[in-house]
Peer 1: 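Have a look at the structure that comes next, please.
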Amino acid sequence: MLHRVRSLGSARLAGTLLAALVGAGCTQDHDLLGRDPPGATSTSGAGGGPGATSSSATTSGAGGGDVVEPPGPTKLTVVNGVADHDAVRFCFLAYPDGTGAGVDPWPSAAAGLAFARARVIEPLDAALPEGTSVRAHVVAGDLGATEGLDCAEILALAAEPAAPIVAAALPVVPAPVFAEEKSLLLVATGCLGGEGHTHASEKQGCGDAYTIDTPTAGLIAAAMSRRTGFDRVALQVAHASAATPVIDVHLTPGIEAASGVFLAHDLSYGAIAPFPPFTGLGRDSLGALEEATVETYAPADLQRTSSVPMREILANSNVPAAAVTNGLGYVLVAVGAAPGTEDGGFWHPLTYTLLLADP
């Protein structure tokens, strides 16, 4: 038996789409979520992240002075960062009038999208309603119970007593986002809750606001940069761990005695950085990629808080080591529990998935 997840407040406006995507003067992008009208509800845009007391989604520019982001066709990559279930499905419904009747869940297979895995939705209308704002509902639990059901039936099942699944309505993504010539990233984050999803360290697994009665499911929406360097590997990091505080992210290449480099400083939940992407290393300088590691540090602190082998990251990813090459851009997406959180809980530990910035 699982408990149905309730909606948790409303997502605050992340600023205008223009400011969120092309504004100047900051090296981090934050999410692009819309404001619900008064009285509407959704899960927290902040996902109950560290220190979160409201469902806010802040904005900073994609800027950096005169830096120009290359245009390209609209692409959408979806990542499952829900930390307390092994897989999820999504119902992408038109907002505000979509009921889910006749709408198939995504992915089409009932097995769903596994934790820390990503998939590109192409074309967009294969899963998303056209020409409208979109509210995603994320579904987890016994996903076999959703096989053959449309989204209206799935959400009705989740609302029943002793339901085998849980579901949460995520913040609205405004229609103009899907018309931008950007490579878009959506990450479902936080924890959905369910029977037995309680633990003494649950806040380290799911975020400060988490209890079994106040789950922290949220949504990160951001634009991945298409900027690259001819003889360099372009890298960004997206922070989508609702339980993780502000961090510095460091990469140690797979070369013996290599000291490594910091990819992002002061990276906050919901942000993607740096912009322009880090291009300090060519492919040869990364060494044996499977032997590289990604570490986190508290800002202005030399104490390492986590280290994740790139071998594990590649296993989460659709990008093999052989596909990492000069002239292309990649994004590391951090998902799961806070760095250093003990094993043995109902959550997944901190890990990453590696994406093509321009799939």
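Since we're looking at a predicted model, the values are computed, not measured.
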Peer 1: In terms of hydrophobic clusters joined by side-chain contacts under 4.5 Å, are L235 and I255 together?
Peer 2: no

Peer 1: So, the side chain of T211 versus the backbone of T214: is there a donor-acceptor pair under 3.5 Å, distance only?
Peer 2: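 Present.
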
Peer 1: Rounded to the nearest 0.5 Å, what's the gap from CZ on R89 to CG on L143? Could you check?
Peer 2: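 Atom-to-atom, R89:CZ and L143:CG are 7.0 Å apart.
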
Peer 1: Could you check whether any side-chain heavy atom of L267 comes within less than 4.5 Å of a side-chain heavy atom of V246, counting everything from C-beta outward?
Peer 2: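 Answer no - side chains too far apart.
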
Peer 1: Would you say V294 and M310 make side-chain contact, with heavy atoms under 4.5 Å?
Peer 2: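 Yes, side chains in contact.
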
Peer 1: Report yes if the side chains of D358 and T228 come closer than 4.5 Å at any heavy-atom pair, otherwise no.
Peer 2: no

Peer 1: Looking at side-chain heavy atoms only, is the closest gap between T351 and V335 below 4.5 Å?
Peer 2: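 Side-chain contact under 4.5 Å: yes.
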
Peer 1: So Y269 and T189, do their side chains get closer than 4.5 Å, heavy atoms only?
Peer 2: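 Sidechains of Y269 and T189: in contact.
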
Peer 1: Which value, rounded to the nearest 0.5 Å, describes the distance between L155 atom CG and H137 atom NE2?
Peer 2: 5.5 Å

Peer 1: Got a second to check how far R135's CZ is from L219's CG, nearest 0.5 Å?
Peer 2: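 So the CZ of R135 and the CG of L219 are separated by 10.5 Å.
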
Peer 1: Are any side-chain N or O atoms of E180 and backbone N or O atoms of V177, one a donor and one an acceptor, separated by less than 3.5 Å?
Peer 2: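 No: the side chain of E180 does not pair with the backbone of V177.
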
Peer 1: Hey, does the side chain of S183 reach the backbone of A357 with a donor-acceptor pair shorter than 3.5 angstrom?
Peer 2: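 Yes; judged by distance alone, with no hydrogens or angles, the pair exists.
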
Peer 1: V138 and A188: which non-hydrogen atoms are nearest, and at how many Å?
Peer 2: CG2-CB, 4.5 Å

Peer 1: F278 vs V261, test: side-chain contact (heavy atoms from CB on, under 4.5 Å). Steps then yes/no.
Peer 2: CA-CA 10 Å; F278 174 87; V261 294; 3.7 Å; yes

Peer 1: Is it the case that the side chain of S241 and the backbone of G336 share a donor-acceptor pair, with hydrogens and angles ignored and the cut-off at 3.5 Å?
Peer 2: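 Yes, because the side chain of S241 sits within donor-acceptor range (under 3.5 Å) of the backbone of G336.
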
Peer 1: Kindly give the heavy-atom pair with the smallest separation between P253 and G260, and that separation in Å.
Peer 2: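 Smallest heavy-atom distance, with atoms named: CD-CA, 3.6 Å.
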
Peer 1: Quick one, M224 and L356 - any side-chain contact, counting heavy atoms below 4.5 Å?
Peer 2: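 Sidechains of L356 and M224: no contact.
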
Peer 1: For the pair T341 (side chain) and G205 (backbone), establish whether a donor and an acceptor sit closer than 3.5 Å, ignoring hydrogens and angles.
Peer 2: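 Between the backbone of G205 and the side chain of T341 there is no qualifying donor-acceptor contact (under 3.5 Å).
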
Peer 1: Begin with the C-alpha distance, continue with both residues' side-chain angles, and end with the deciding distance and a verdict on side-chain contact (heavy atoms from CB on, under 4.5 Å) for H239 and I220.
Peer 2: CA-CA 9 Å; H239 186 332; I220 300 301; over 6 Å; no

Peer 1: For S307 and T293, work out which heavy atoms get closest and say how close.
Peer 2: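 For S307 versus T293, the nearest heavy atoms are OG-CB, 3.8 Å.
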
Peer 1: Can you see which heavy atom on L93 is nearest to which on G100, and at what distance?
Peer 2: CD2-CA, 3.6 Å

Peer 1: Between S225 and Q236, is any side-chain donor less than 3.5 angstrom from a side-chain acceptor?
Peer 2: no

Peer 1: Looking at CG of L281 and CG of D231, how far apart are the two atoms once the value is rounded to the nearest 0.5 Å?
Peer 2: 11.5 Å

Peer 1: In terms of hydrophobic clustering (I, L, V, M, F, W, Y; side-chain heavy atoms under 4.5 Å; direct or indirect links), are L263 and Y297 co-clustered?
Peer 2: no

Peer 1: Less than 3.5 Å apart, which donor and acceptor atoms pair up between the side chains of residues 299-306 and the rest of the protein, not counting sequence neighbours?
Peer 2:
| unit_1 | atom_1 | unit_2 | atom_2 | d |
| --- | --- | --- | --- | --- |
| D301 | OD1 | Q303 | N | 2.8 |
| T305 | OG1 | T296 | O | 3.0 |
| T305 | OG1 | T296 | OG1 | 2.6 |
| S306 | OG | T296 | OG1 | 2.5 |

Peer 1: Please set out all donor-acceptor pairs under 3.5 angstrom arising from side-chain atoms of residues 108-131, sequence neighbours excluded.
Peer 2:
| unit_1 | atom_1 | unit_2 | atom_2 | d |
| --- | --- | --- | --- | --- |
| R117 | NE | N316 | O | 2.6 |
| R117 | NH2 | N318 | OD1 | 2.9 |

Peer 1: How long is the span from the CD1 atom in I154 to the OG1 atom in T146, to the nearest 0.5 Å?
Peer 2: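 One gets 4.5 Å once the value is rounded to the nearest 0.5 Å.
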
Peer 1: In Å and rounded to the nearest 0.5 Å, what is the CH2 to SG distance from W347 to C191?
Peer 2: 8.5 Å

Peer 1: Closer than 3.5 angstrom, by distance alone: can the side chain of K203 be matched with the main-chain N or O of A243 as a donor-acceptor pair?
Peer 2: no

Peer 1: Looking at H348, H197, H199, which hits side-chain hydrogen bond (donor to acceptor under 3.5 Å, both in side chains) with D84?
Peer 2: H197

Peer 1: Tell me whether Y352 contacts the main-chain N or O of V331 through its side chain, where contact means a donor paired with an acceptor under 3.5 Å.
Peer 2: no

Peer 1: When clusters are formed by joining ILVMFWY residues with side-chain heavy atoms under 4.5 Å apart, either directly or through shared neighbours, do L328 and V233 land in the same one?
Peer 2: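 Hydrophobic grouping puts L328 with V233.
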
Peer 1: Are the side chains of F90 and L186 in contact, using a 4.5 Å heavy-atom criterion?
Peer 2: no

Peer 1: Which atom names give the shortest non-hydrogen contact between S201 and E342, and what distance separates them?
Peer 2: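 Minimum heavy-atom separation between S201 and E342: OG-OE1, 3.5 Å.
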
Peer 1: Return the orientation label for the F262 and H250 ring planes: parallel under 30°, perpendicular over 60°, tilted otherwise.
Peer 2: perpendicular

Peer 1: Taking all non-hydrogen atoms of both residues, which atom of S133 and which atom of V172 are closest, and how far apart?
Peer 2: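 That would be CB-CG1, 3.8 Å.
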
